[in-house]
Amino acid sequence: MQIYDEECQQVGRAERRIDVGATAIDKGGYRHFMAKEIAQQPSVIADVLNHYVKGDRIVLPDGLDFREVDRLSLVGCGTAHYAGHVAKYWFEALAGLPCDIDVASEFRYREPPLSPQSWFIAISQSGETADTLAALHYARDHVSRTVGLVNVGTSAIARDSDIALPTLAGIEVSVASSKAFTCQLTVLAILALKAAHDRGRIGDAELAGHLAELRAVPGLLQQTLDLSDHCRALSEWLSQAQDVLYLGRGALFPVAMEGALKLKELSYIHAEGYASGELKHGPIALIDRDVPVIVLAPYDHLFEKTISNMQEVMARHGQILLLSDHEGIAAANDGVYATLTMPGGGNLFQPILYAIPMQYLAYHTAVAKGTDVDQPRNLAKSVTVE
Ligand code: M6R
């Protein structure tokens, strides 16, 4: 391979060996890479926590003092964009830090006015997505710091950001993102906690409490993996559907959109993720007994609101799959088609846990339909063109 610059002059680049263990690129006994990558989540998220959290302290590269920033712009595409959307809820609620979230393809051409005291965070598994890279290039002329949240440490976004934060998911082969998403969420949760602490919104004790909650996540994820068989059983029902709706509120709204994206790309079934409260502003017209509606409702301060939206669907004969914890299922399972019981209740980091059944429902539905799980039609793992 020879490399040339813009003037067609040949340039030299140091050779760098990338150490990819054999285990990273085989299916490890699973039928598909995606099944393996879903199952790896407890261990890769533990790796993320070990990397960024030491005892009750968050350890990040220099230059990430959130007292200096007045606004964040989070940008990504597809699943990475939904990770940023979840993080918006965390940054705003925990740190009181205003946060804009956008898809890179819109951000890059919109010429958004950006505060010189703001930071820009590009989120990307591959670190090569053309739109996200272009958005980063726009932002670096307007903001005080750019951060690249990337899984591939040698990528263009890692190189071109002021600070690159690895998401440490390991190689993700399946085109549909799974572990990269939950690792992005975990790094973003750590950043939001750092922001809250730096800005004096939480003290040492509260930070330690939240970090303890985060450290519990790998164990809870391990329990969540047990839902695989139940999701497989439900996939027979889902695979008959032409349209599926996913509903969530608060930080579970972007997870609902991620669930819909997973189902679309893997099983080719039309699916939409909606904020539960938006249902009556249009999508409720779609509801009949043939449209499965998947409701994400942890038993928290928004539970009653989401359940009231769920009842509006049931009154129109919609068939509900309710995902909640024990308390939520006990309170609201009357008349629903099926339930999936999630661990824990009221935990701030529920979006990481709820990602798992989103992945399994899509995965098993794709297997039931016989689609190409690891390489869905028309899709590429890394979108390096517009
Ligand atoms: O490599 P990136 O994270 O920048 O990729 C962004 C999207 O192309 C990607 O998340 C896509 O939506 C996935 N196929 C979703 O599973």
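Counting starts at 1 for both ligands and their atoms, in listed order.
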Cationic N near anionic O, under 4.0 Å, R215 to D56: yes
Hey, what else clusters with Y138 if you join Ile, Leu, Val, Met, Phe, Trp, Tyr whenever side-chain heavy atoms sit under 4.5 Å? V75, F107, L114, F120, L133, L136, V143, V150, I157
How would you list, by chain and number, the residues with a heavy atom under 4.0 angstrom from ligand 1? C77, G78, T79, A80, S124, Q125, S126, T129, V175, A176, S177, L261, K262, E265
Validate the cation-pi geometry between R377 and Y268: distance from NZ or CZ to the six-membered ring centre under 6.0 Å, angle to the ring axis within 45°. yes
Does L379 offer a backbone N or O that forms a donor-acceptor pair with the side chain of Q375 under 3.5 Å? yes
Would you mind telling me which of L279, T306, L252 makes a side chain to side chain contact (heavy atoms under 4.5 Å, CB included) with L247? L279
Mind checking the CG-CZ spacing from D288 to R316? Nearest 0.5 Å is all I need. 12.5 Å
